[in-house]
Amino acid sequence: VNSVVSRKRRLVRLTVRLAGVWVAAGLLAAFCPPAIAAEGGKNVLVLYSYSRILPAVIDINNGLRTTILASTNRPIAVFDEFLDMPRFGGPAYSNTIVTYLREKYASQPPDVIVVGAEDALRFLLVNRAKLFPQVPVVHMAVPVSSLRSIPPLPDDVVGVPVEYDFSRTIEQARRWHPNARRLVIVTGAAATDRAWEAQLRDAAPRFGDRAEVEFLAGLPTDALLKRLSGLGGDAVVFTTGYFQDGGGRKFTPHESVLAMASAATAPVYAPFYTFMGTGIVGGFMSSYEAMGRQAGRMVNELIDGAAPASLRFPELMPTNLNVDWRQVRRWGIDEKAVPGDAVVHFREPTFLETHRNALILAAVVFLLQAALIGSLLFEHRRRRVAELAEQGHRSKLAHASRLAIAGELAGSIAHEINQPLGAILSNADAADLMLESGTDRRDELRAILADIRRDDLRASEVIRRLRALLTKQQFERQPFDLNETMRDVGSVLRAEARRRRVALDIRPAAASVTMVCDQVQIQQVLINLVLNAMDAVDDLPEDRRRIVVSIERVAGGIDIAVRDRGQGIAAEHVPKIFDSFFTTKRKGMGLGLSIARTLVEAHGGRIRVESRPGEGTAFHVELPAPDGTPAPSPAQA
Amino acid sequence: MITTPLIHVVDDDEGLRTALLRLLGAAGFEARGYASTGDFLLHPHPDRPGCVLLDVRMPGPSGLELQEALQRMDVTLPIVFLTGHADVASSVRAMKAGAVDFLAKPVERDTLLGAIRCALARDTLQRAGRDDADRLRSRFASLTVSERKVFDRIVDGRLNKQIADEMGIAERTVKLQRAHVMAKLGAGSAAELGRLAERLRSLSDG
């Protein structure tokens with residue numbers, strides 16, 4: 001153990017990242033059971049080609065041990081030996097090891113021997129006669145290419161070889177980096193490294209078609225790293241890692257790749273599973289742990305008494321495309337180009353994955369809120385549309401009602417217009433005759449022309465008022481003087497009042513009253529009320545045929561009163577008079593007051609009636625005070 | 001007594017009234033204006049030929065009411081109505097009550113003057129008829145009591161002899177008085193006398 005530790009100290013200098021390996025090695029040591037074989041127990045001897053700290057060794061050992069120890073209740077002792085072959089070799093070393101093993105395990109001979117990787121297998125095959133010759137052997141992590149270069153194995157030496165398929169990895173790299181012009185292959189100077197280099201050189205011509213293939217084989221590490229750091233964007237690196245560099249320094253391949261991947265300015269690909277996490281992008285690999293598990297299953301069957309020849313096992317260890325997600329991001333590889341069956345490492349769970357539930361909850365809350373806001377907006381819009389429709393409906397109804405009023409007033413209006421028209425025509429005729437007479441009556445003609453002009457204006461004024469009442473359809477709020485509106489109402493109704501012999505007394509407010517609402521609709525309401533009042537006094541004697549319209553400022557608004565001295569409204573009719581189609585008149589639809597109320601309420605006001613049967617009726621239209629109205633003046637007479 | 005016609009214009013609208021007065025004046029008529037029916041009635045209107053141009057609709061008593069009042073007062077001035085808005089009911093009522101015409105404002109000069117002339121013609125005719133009757137009445141009034149008795153019996157178709165017998169006077173006296181009656185009444189024959197008697201009866205009935 002001391003020698004291993006001192007060697008480790010040397011390695012620490014290479015890189016601090018080896019700390020992880022330290023921990024793993026410590027764990028491994030803790031795992032080792034006491035080397036005592038229980039009575040009737042079985043012994044398994046595992047010979048590893050490499051050092052015990054090699055990550056591949058750690059992984060494969062882990063897979064092997066857990067499989068063996070977990071699968072049976074019988075006491076099994078597993079002994080590990082690390083031959084550390086690439087770094088130590090030669091016949092003397094080999095003989096020493098054979099002697100050591102034979103002596104060491106004489107008292108507890110193995111029932112199965114497991115060899116890890118090519119060097120251990122060679123060692124055992126060479127020395128098998130001296131080392132427990134009858135014991136069956138399971139090999140693991142032996143490249144299929146190595147098996148091809150040696151004589152066929154005896155029947156009791158079995159195992160699933162691994163294929164380090166460098167070409168598939170390189171092809172994958174070229175698919176992911178279609179613009180790469182250079183393929184840089186890095187190998188080392190150890191014997192194993194040279195074997196890999198040879199294998200790669202054999203395959204190299206296949207990659208020369210689209211890219212320039214460049215070997216950096218057996219360079220000192222410093223020079224190598226310098227080259228790699230100057231590669232630039234048009235290169236892709238493939239490496240097997242190495243055990244020894246051109247300067248004679250020894251490494252684990254893992255360490256070498258770690259250094260290379262840190263320095264390289266181009267993506268680095270490699271075929272060994274243990275390199276994942278060093279900074280390489282990935283490659284087609286077999287998991288060493290899977291190799292260990294595979295060997296462990298075979299060991300279990302042999303211990304259970306199966307003959308080696310009867311074992312069934314796959315021809316090759318399966319390989320998978322392994323990929324480091326951080327490198328995929330770093331080198332801008334199209335994520336869609338990563339096949340679905342690739343084993344993805346180091347993919348940081350996205351924010352979505354980490355906070356999935358919170359996010360779903362937030363999304364649901366957000367959606368509910370959006371739905372709520374949306375439905376409120378929709379409801380608001382629906383209501384607005386309904387309001388507009390109602391307003392339009394009301395405007396139309398009001399307009400229809402005004403047309404009806406105009407129909408009722410047609411006689412008076414015709415009279416009012418024909419009066420000035422008659423005067424104009426007669427004046428013109430008179431002037432004509434005067435001219436025919438030939439005498440100079442210039443002054444009279446001038447007076448006639450002045451009268452014609454005046455009468456023309458009179459007639460057009462009637463038409464203007466009428467048009468204001470009839471042609472408008474749209475509801476609109478505009479400021480206007482209520483007193484002026486009242487006078488207009490008086491003008492419109494003057495002729496009708498004369499026709500019906502009713503005295504119409506319009507009493508404007510002392511000061512002007514500015515209202516902001518639909519002037520025409522207010523006029524309409526007043527005309528309606530005055531016409532009703534005229535109906536109320538129709539059959540009454542002269543002294544009661546009087547209608548008074550007055551404006552008063554009251555607390556909070558304006559009160560427009562229309563008073564008559566008619567017979568009043570029967571008490572039982574009062575609650576119904578504002579209903580549609582309620583009427584006590586012989587002719588009439590019973591819509592006037594209903595529309596009047598609708599229009600007043602649309603302006604935020606109200607309409608009410610006070611009636612004393614036999615004495616008269618007063619309708620009050622109360623409208624909210626317009627903004628900026630001066631304080632109420634003393635009540636008007 | 002002035003025999004040129006005078007036209008009375010009754011209309012409450014000052015502008016129209018002035019225009020009508022101007023037009024009538026320019027057309028050679030003498031005309032006088034009144035702002036209301038009351039105004040017209042209050043004014044003394046000398047017994048002159050003429051007619052009334054009357055607005056139907058006025059404050060206070062209307063044109064139609066004035067028409068009725070004038071009829072009651074036996075004022076026979078023909079009436080031409082003017083109206084701003086002619087409704088059937090009032091036009092029928094006016095025409096039935098003897099109006100010359102019922103014109104709608106604004107009225108054409110020719111229409112108006114035509115109606116005025118028509119009214120004046122009617123007035124002249126009425127006046128002529130009235131003068132005839134007056135003359136007849138005054139002639140009849142000049143008959144003595146016995147001449148009137150003779151006249152009654154002649155009109156009844158009695159012969160001189162029968163009249164003399166009935167009245168107990170000489171047939172000769174009857175013949176004399178008959179000649180006076182014929183002369184005073186201006187009749188040339190018994191038949192003409194009969195027609196006069198008919199007219200007198202109708203005048204006293206009316």
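All chains are named by letter (A, B, ...) in the order of the sequence lines, taking the proteins before the strands, and each is independently numbered beginning at 1. Here the structure is a predicted model, which means the values were calculated and not measured.
Counted within 6.0 Å of CD on B:Glu68, heavy atoms from surrounding residues, nucleotides or ligands total more than 12; the atom is thus considered enclosed. The environment of CZ in A:Arg612 is sparse: at most 12 heavy-atom neighbours from other residues, nucleotides or ligands sit within 6.0 Å. Counting non-hydrogen atoms of neighbouring residues, nucleotides and ligands closer than 6.0 angstrom, the CZ atom of A:Arg453 reaches no more than 12 such neighbours. Counting heavy-atom neighbours within 6.0 Å of B:Lys149 NZ, excluding the residue itself, gives a total of 12 or less.
Among B:Arg17, B:Glu108, B:Met58, B:Lys105, the residue making the largest number of heavy-atom pairs under 4.5 Å with chain A is B:Lys105.
Looking at heavy atoms from C-beta onward, B:Ser62 lies in side-chain contact with A:Arg501 at the 4.5 angstrom threshold. Here the side chains of A:Asn418 and B:Pro106 are in contact, with some heavy-atom distance below 4.5 Å. Taking 4.5 Å as the limit, every side-chain heavy atom of B:Asp13 sits out of range of all side-chain heavy atoms of A:His415. Between A:Leu433 and B:Arg22, the closest side-chain pair of non-hydrogen atoms is not below 4.5 Å. A:Gln419 places a side-chain heavy atom less than 4.5 Å from the side chain of B:Asp11.
Interface remark: A:Asn427 contributes backbone and side-chain atoms alike to the contact with chain B (heavy atom separation under 4.5 Å). For chain B, the nearby parts of A:Leu421 are the backbone and the side chain; heavy atoms of each come within less than 4.5 Å. For a residue to count as touching a neighbouring chain, one of its non-hydrogen atoms must lie under 4.5 Å from one of that chain's; by this rule A:Glu436 touches chain B with the side chain only. The contact between A:Ile448 and chain B is made by backbone and side chain atoms together, counting heavy-atom distances below 4.5 Å. Heavy-atom distances place both the backbone and the side chain of A:Ala447 under 4.5 Å from chain B.
Closest of all the heavy-atom pairs between A:Ser412 and B:Arg57 is CA-NH1, 3.9 Å. Nearest approach of B:Val107 to A:Leu425, heavy atoms of both residues: O-CD2, 3.1 Å. Nearest heavy atoms, A:Ala423 versus B:Ala19: O-CB, 3.3 Å.
Atom OG of A:Ser426 and atom CG of B:Leu24 lie 8.0 Å apart (nearest 0.5 Å). The CG atom of A:Asp455 sits 8.0 Å away from the CG atom of B:Leu16 when rounded to the nearest 0.5 Å.
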